[in-house]
A.B. asks: 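Input: one structure, supplied below.
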Amino acid sequence: MDLYEYEAKKIFSEGGITVPPSVRITKPEELSKVNFGYPVTLKVQVLAGGRGKAGGIKFANNLKEGQELAQNLLKMVVKGSKTESLLVEPKLIIKKELYLAVTLDRERGCPIFIASAEGGIEIESSDKVVTMPIPYPYHPFVGRELARQLGFTGSLLVKVADVATKLYKIFEEKDLDLAEINPLMITEGDEVLALDGKISVNDDSIGRQRYFDGWQIRHLADLPERERRAKLQGLNLVELDGNIGILCNGAGLTMATMDMVKKFGGRPGNFLDVGGGSDQEKTLEALEIVNDNPECDVMLLNILGGITACDEVAQALVQFIKKYPERILVVRLRGNNQDLAEKILAESGLKLIPDLEAAVKEAVEKSKSVSKKPVGAKA
Amino acid sequence: MILIDKNTKVMVQGATGKMGSSHTKRMIAYGTKIVAGVTPGKGGTQVHGLPVYDSVKETVEQTGATCSVIFVPPYLALDAGLEALEAGVELIVLITEGIPPQDTAKLVAQVKQRGARLVGPNCPGVITPGQCLVGILPGQIFSPGKVGMISRSGTLTYEIALALTDAGLGQSTCVGVGGDPIKGIGYQELLEMFNDDKDTEVIVLIGEIGGTAEETAAEYIKRNVKKPVVGFIAGVTAPPGKRMGHAGAIISGGKGTADSKIAAFKENGMHVAMTPSEVAVMVAEARKQLAKA
């Protein structure tokens, strides 16, 4: 779950990291609440990155100018992400900017600091990046070593190290995937503060983080409707632009099935993993979600029943076909209780193809003949 | 064979839960030497005719188990894993999906420190066909033979095992390393073991998008592995920035694409299959070449 900037800053601040004073507004009139004087910075609160380049950050010299800007900024959409609110802060004079983040490194298998003495940039494009594995349990010397490697000395070394330590503590306590300050700014008076930040909460950990109770729904706002629906059902759906709807059990097999559709000349319309040991109800919901995609001409169901019982999947299919008799469906089922499934499907007129390649080829074939029909011919 | 054989004594942590119980039954039916279940507070009871103990330490003392398969809920998995390590368990197979990755990182660090082995998390487990099944793999799909398998996936592994078995190509051991970004045993350690294993002639490596482990493995294979390796990568059609079911299956910042992995496989002399059934064809071909040599 990605958080908005204002949420990240609230968490930084609660963790002892200094952030600029700010006011969050959802209407231009609310700008009168600003009590830190002008000029101010107005920043759109969106979940997508790249808002600066998209024109989502503006400066205002007075209330009138600010309100005019706010009017437009509040309506802004950045890469499909709607503006939730505006964060208004004093325009600050920057002496130096840094990049500082904590994340998990999958190759090393542990948390790491990523930092750069150049801030406010795309970290991937900086050549002055310092990365440092973080041993567990954490000790503050790690933060000091990081600050030293960034080139700091004296009181700034201590201050930057302190921010790094606090950022790690937040990362660990809140079960984050990413805690990023970019830029971490140093003022003329050698104050160190988080000017912008990004927090990504680990999805598997939200259940034990009471702090984020109830946050998830409003942070799914940017997901396309069907992906959102799937997520709320505990299903993993990713939509593509093809016309063959795909449902499988298991993430690897689902990807492999998509790849085969493409290899044999078809266009995969989605990734949908119905999961291992899915019951009838969940399978049916998965079928409904794919069916609702208007781009979908053919549905390909591929279940390899190791643990999953094929007959239960077949029951869900029978229900589905009763509801949508015109839907073109190619079914590959193999494994546990395959015979039972075959019998159940035969009664409803559905053919079962046990061979995966044969099933994929059939789905591709059918998707092509459907696509050739003129618009409107489709049921 | 590697990791497990017919003599491996296995305990089940979480054997009295719904999933743990049903898979304990399956593992026993397959012939795995399951010696006990562990559920705190249920010591003294039984599960499928086996004793249940309150702690791993007690189980090790009473049974001499060296391997533990863990089915506990995600937020209890770190504790369960650390308990197994502390009791001296040598091989931990962690099936649980949805463990906070920071917990996994903490467990992995301890596993390394103690020189133990962790398979998983979020994995189907390990099978040495005909001898021992530890985890949730469907035993009937596998058959004993000379192919060693390493995979990040569950059902895709079964699909490929099925193709191999259908083609009369049995397996020495099959290891599902799991779909999480942070995990225990990885490609390199397993490649090394299969390379040294006299029962393994050909190795199959099943990877997917996300991370750079396949690229690293390909370089390792070129330098160190003497046996033929057939590779398969899932996710050629996966869009960047989207998590494809597995927590670790995501292309981010341009890294982790299927194309990069396939290219690395090819550059390092591996055979690359484009469909599951092609894996079996390539394995058969590799064995033919070996027979000629």
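Convention: sequence-line order gives letters A, B, ...; per-chain numbering from 1.
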A.B. asks: Give a yes-or-no answer on whether the side chains of B:T216 and B:Q188 include a donor-acceptor pair shorter than 3.5 Å.
C.D. replies: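 No.
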A.B. asks: With a 4.5 angstrom heavy-atom cut-off, could you sort out which part of A:R108 is near chain B: side chain, backbone, both or neither?
C.D. replies: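 Answer is backbone: N, CA, C or O of A:R108 sit under 4.5 Å from chain B.
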A.B. asks: Measuring heavy-atom distances to chain A, does B:K183 have an atom under 4.5 Å in its side chain, in its backbone, in both, or in neither?
C.D. replies: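 Neither; nothing under 4.5 Å.
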A.B. asks: At a heavy-atom distance under 4.5 Å, which candidate from B:G179, B:A163, B:G248, B:S151 has the highest pair count against chain A?
C.D. replies: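 With the most close heavy-atom pairs to chain A, the winner is B:G248.
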A.B. asks: Can you tell me which portion of A:L304 sits under 4.5 Å from chain B's heavy atoms? Options are side chain, backbone, both or neither.
C.D. replies: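 Both backbone and side chain.
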A.B. asks: So for B:E97, is it side chain, backbone, both, or neither that comes closer than 4.5 Å to the heavy atoms of chain A?
C.D. replies: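 It is neither, since no heavy atom gets under 4.5 Å.
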A.B. asks: Quick check on the interface: out of B:I141, B:I182, B:V108, who has the most heavy-atom pairs with chain A under 4.5 Å?
C.D. replies: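 Sorted descending by pairs with chain A, the first entry is B:I182.
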A.B. asks: Please determine, among B:D166, B:L137, B:I206, the option with the most heavy-atom pairs under 4.5 Å with chain A.
C.D. replies: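 Winner by heavy-atom pair count: B:D166.
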A.B. asks: Given the options B:M244, B:E208, B:H246, B:R152, which has more heavy-atom pairs under 4.5 Å with chain A than any of the others?
C.D. replies: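 Most pairs with chain A among the choices: B:M244.
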A.B. asks: Salt-bridged, A:E285 to A:R229, with N to O below 4.0 Å?
C.D. replies: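 Salt bridge present between A:E285 and A:R229.
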A.B. asks: Are B:Q171 and B:T165 close enough that a side-chain donor and a side-chain acceptor fall under 3.5 Å?
C.D. replies: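 Per modelled atom types, B:Q171 and B:T165 side chains form a pair under 3.5 Å.
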A.B. asks: In terms of side-chain heavy atoms, does A:N249 have a donor or acceptor partner in B:T155 at a distance below 3.5 Å?
C.D. replies: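 No - no donor-acceptor pair under 3.5 Å links their side chains.
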A.B. asks: Do NZ/NE/NH1/NH2 and the carboxylate oxygens of B:E159 and A:R332 come within less than 4.0 Å?
C.D. replies: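 Answer for the salt bridge query: yes.
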A.B. asks: For the pair B:K242 and A:E227, find out whether any cationic side-chain nitrogen is under 4.0 Å from an anionic carboxylate oxygen.
C.D. replies: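 A:E227 and B:K242: salt-bridged.
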A.B. asks: Taking side chain as everything from C-beta outward and backbone as N, CA, C, O, which of these in B:P74 sits under 4.5 Å from a heavy atom of chain A? Side chain, backbone, both or neither.
C.D. replies: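 Looking at B:P74, nothing touches chain A.
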A.B. asks: Just so I understand: if I count every heavy-atom pair under 4.5 Å between each of B:I209, B:D103, B:T104 and chain A, which residue has the most?
C.D. replies: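 Ranked by contacts with chain A, first place is B:D103.
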A.B. asks: Is it the case that the side chains of A:E107 and B:T212 hold a donor-acceptor pair, with the cut-off being a distance below 3.5 Å and no angle test?
C.D. replies: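 Checked: B:T212/A:E107 side chains pair up, N/O donor to acceptor below 3.5 Å.
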A.B. asks: Is it the side chain or the backbone of A:D204 that comes within 4.5 Å of chain B heavy atoms, both, or neither?
C.D. replies: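 When you check distances to chain B, atoms from both the backbone and side chain of A:D204 fall under 4.5 Å.
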A.B. asks: Of the listed residues (A:D259, A:N236, A:T257), which shares the most heavy-atom pairs with chain B below a 4.5 Å separation?
C.D. replies: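 The option with the most such pairs is A:D259.
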A.B. asks: Quick one: which of B:S153, B:P100, B:P138 has the most heavy-atom pairs under 4.5 Å with chain A, could you say?
C.D. replies: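 Max contact count across the listed options: B:P100.
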A.B. asks: Could you pull out the closest heavy-atom pair between A:L300 and A:A359, with the gap in Å?
C.D. replies: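 The pair with the smallest heavy-atom distance is CD1-O, 4.1 Å.
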A.B. asks: Any Lys/Arg nitrogen of A:E357 or A:K263 sitting under 4.0 Å from an Asp/Glu carboxylate oxygen of the other?
C.D. replies: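 Salt bridge between A:E357 and A:K263, a charged N being under 4.0 Å from a carboxylate O: no.
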A.B. asks: Measure distances from A:I206 to the heavy atoms of chain B and classify the residue's part below 4.5 Å as side chain, backbone, both or neither.
C.D. replies: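 Backbone only.
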A.B. asks: Where on A:D203 is there a heavy atom nearer than 4.5 Å to chain B: the side chain, the backbone, both, or neither?
C.D. replies: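 For A:D203, neither part sits under 4.5 Å from chain B.
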A.B. asks: Answer with side chain, backbone, both or neither: which region of A:M258 has an atom nearer than 4.5 Å to a non-hydrogen atom of chain B?
C.D. replies: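 Contact with chain B is through both the backbone and side chain of A:M258.
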A.B. asks: Would you indicate whether the side-chain heavy atoms of B:L85 and B:V111 approach each other to under 4.5 Å?
C.D. replies: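 Side-chain contact under 4.5 Å: yes.
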